[in-house]
Amino acid sequence: MSDDSYVWKRLSGSRVFENPYYSIDKDRVLHPQGYELDYYVVKPWRPAAGIVPVDEAGRVLMVRQYRYTTGVLSWEIPAGGVNEGEDCAAAAGREMREETGWEAQRIEPLYRYHPSHGSSSQTFNLFVGRGLKQVGEFDRKEIHSIGFFRRDEIEGMMTRNELVDGLSLTALLLFFRGK
């Protein structure tokens, strides 16, 4: 059996919702087993990029910010959207500078994935930033605070279920796996 036998075919579609951040499309699809169904897809307007900034001592720089959708003041890696025409690594570095006031001299790819590919076409691009240098202040309009954390401190936060952001958890676990 070829892989093509598992492909769902889009028969028609329409946009049912749109805002400045994403759209929702309703597609009529033909399942490989021959039946039709409606499938809703969240389509963010741009991919996301996140960075694990690591200082010379091996500590990770994280930001703490309030997330309205979950009502949580959360420790996270710096992350945000990739602007049109912007390289994903450059976007990760820009987000780090904007959110933390720190800059990475070297940005290395870590991983690329789809966080919820059952309902969204979003792509997350993860990087590691090294050679950190403070170039300004953190963004007090968006960020509550910033902090450097050792691996054992981050693992403790994970054990206590204090790190709840999926992008950050994925990035940190992948980064630690490589150590």
Side-chain angles (χ1 to χ4, degrees), residues 19-22 42-117 120-179:
N19 70 24
Y21 307 103
Y22 61 88
V42 178
K43 295 184 174 184
W45 295 121
R46 53 192 185 149
I51 189 166
V52 180
V54 184
D55 72 3
E56 298 304 320
R59 298 176 307 162
V60 175
L61 174 60
M62 292 198 294
V63 298
R64 193 168 191 207
Q65 59 186 324
Y66 181 77
R67 294 299 186 171
Y68 173 78
T69 51
T70 54
V72 173
L73 189 57
S74 175
W75 282 107
E76 304 171 8
I77 64 168
V82 178
N83 294 326
E84 188 174 335
E86 185 178 32
D87 175 78
C88 292
R94 175 184 49 75
E95 287 291 338
M96 180 180 150
R97 263 188 322 281
E98 290 173 3
E99 293 183 0
T100 69
W102 287 75
E103 187 172 76
Q105 303 304 306
R106 295 179 314 283
I107 298 176
E108 307 158 0
L110 179 62
Y111 206 76
R112 180 180 181 271
Y113 71 104
H114 303 287
S116 36
H117 67 184
S120 173
S121 63
Q122 184 161 37
T123 302
F124 283 168
N125 301 275
L126 303 175
F127 298 88
V128 177
R130 300 184 189 278
L132 304 187
K133 175 181 162 186
Q134 189 169 10
V135 294
E137 296 296 318
F138 69 90
D139 180 358
R140 295 181 187 279
K141 293 179 184 170
E142 180 182 357
I143 305 302
H144 177 271
S145 55
I146 65 172
F148 282 93
F149 297 90
R150 296 183 319 270
R151 179 179 179 154
D152 65 309
E153 292 173 311
I154 293 171
E155 288 177 348
M157 294 163 94
M158 289 178 184
T159 299
R160 295 184 302 275
N161 202 42
E162 294 172 359
L163 291 178
V164 295
D165 171 53
L167 181 143
S168 297
L169 283 167
T170 301
L172 291 165
L173 289 169
L174 287 164
F175 173 71
F176 290 151
R177 178 191 73 173
K179 300 263 325 157

- Message: Can you tell me how far apart CD1 (I146) and CZ (R64) are? Round to the nearest 0.5 Å.
- Response: 13.5 Å
- Message: I need the F149 CZ to L172 CG distance, nearest 0.5 Å.
- Response: 10.5 Å
- Take R59 and R150 through the test side chain to side chain contact (heavy atoms under 4.5 Å, CB included) and record every step on the way to the result. CA-CA 5 Å; R59 298 176 307 162; R150 296 183 319 270; 4.0 Å; yes
- Roughly how far apart are L126 CG and R112 CZ, rounded to 0.5 Å? 11.0 Å
- Item | Atom pair CZ/CE of F148 and M62 - distance to nearest 0.5 Å | 11.0 Å
- Scanning both residues in full, the closest heavy-atom pair of A92 with F127 reads CB-CD1, 3.7 Å
- Task: Indicate yes or no: at least one non-hydrogen side-chain atom of E84 is less than 4.5 angstrom from one of R46.
- Result: no
- Task: Spell out, as yes or no, whether a donor-acceptor pair under 3.5 Å connects the side chain of D55 to the backbone of G131.
- Result: no
- Query: Okay, side chain of N83, backbone of E86: is any donor-acceptor separation there less than 3.5 Å?
  - Reply: no
- Nearest heavy-atom neighbours spanning V63 and E99: CG2-OE1, 3.9 Å
- Message: Does the structure place the NZ or CZ of R140 under 6.0 Å from the centre of the six-membered ring of F138, at an angle of no more than 45° from the ring's axis?
- Response: yes
- Atom CD of E76 and atom CD1 of I143: how far apart are they, to the nearest 0.5 Å? 7.5 Å
- Message: Tell me if the CD atom of Q105 is crowded by more than 12 foreign heavy atoms within 6.0 Å.
- Response: yes
- What are the two closest heavy atoms between L163 and M158, and how far apart are they? CD1-CG, 3.8 Å
- Task: Kindly compute the distance separating CZ (F124) from OG (S168), expressed to the nearest 0.5 Å.
- Result: 9.5 Å
- Task: State, with a plain yes or no, whether a side-chain heavy atom of V164 is found less than 4.5 Å away from one of T70.
- Result: no
- Query: For the residue pair T100 and M96, what are the closest heavy atoms and their distance?
  - Reply: OG1-O, 2.5 Å
- Message: Would you say that more than 12 heavy atoms from the other residues, nucleotides or ligands in this model lie under 6.0 Å from the OH of Y111, or not?
- Response: no
- Do E162 and W75 have side chains that get closer than 4.5 Å, going by heavy atoms? no
- Query: If only atom types and distance count, is the side chain of H114 paired as donor or acceptor with the main-chain N or O of Q122 below 3.5 Å?
  - Reply: yes
- Query: Of the non-hydrogen atoms in A79 and L167, which two are nearest, and what is the gap between them?
  - Reply: CB-CD2, 3.9 Å
- Report yes if the side chains of E95 and I51 come closer than 4.5 Å at any heavy-atom pair, otherwise no. no
- Message: Has Q134 got a side-chain atom pairing as donor or acceptor with G136's backbone, closer than 3.5 angstrom?
- Response: yes
- Message: Looking at every non-hydrogen atom in both residues, tell me the closest pair between G166 and Y113 and how far apart they are.
- Response: O-OH, 3.8 Å
- Any donor-acceptor pair under 3.5 Å from S120 side chain to V42 backbone: yes
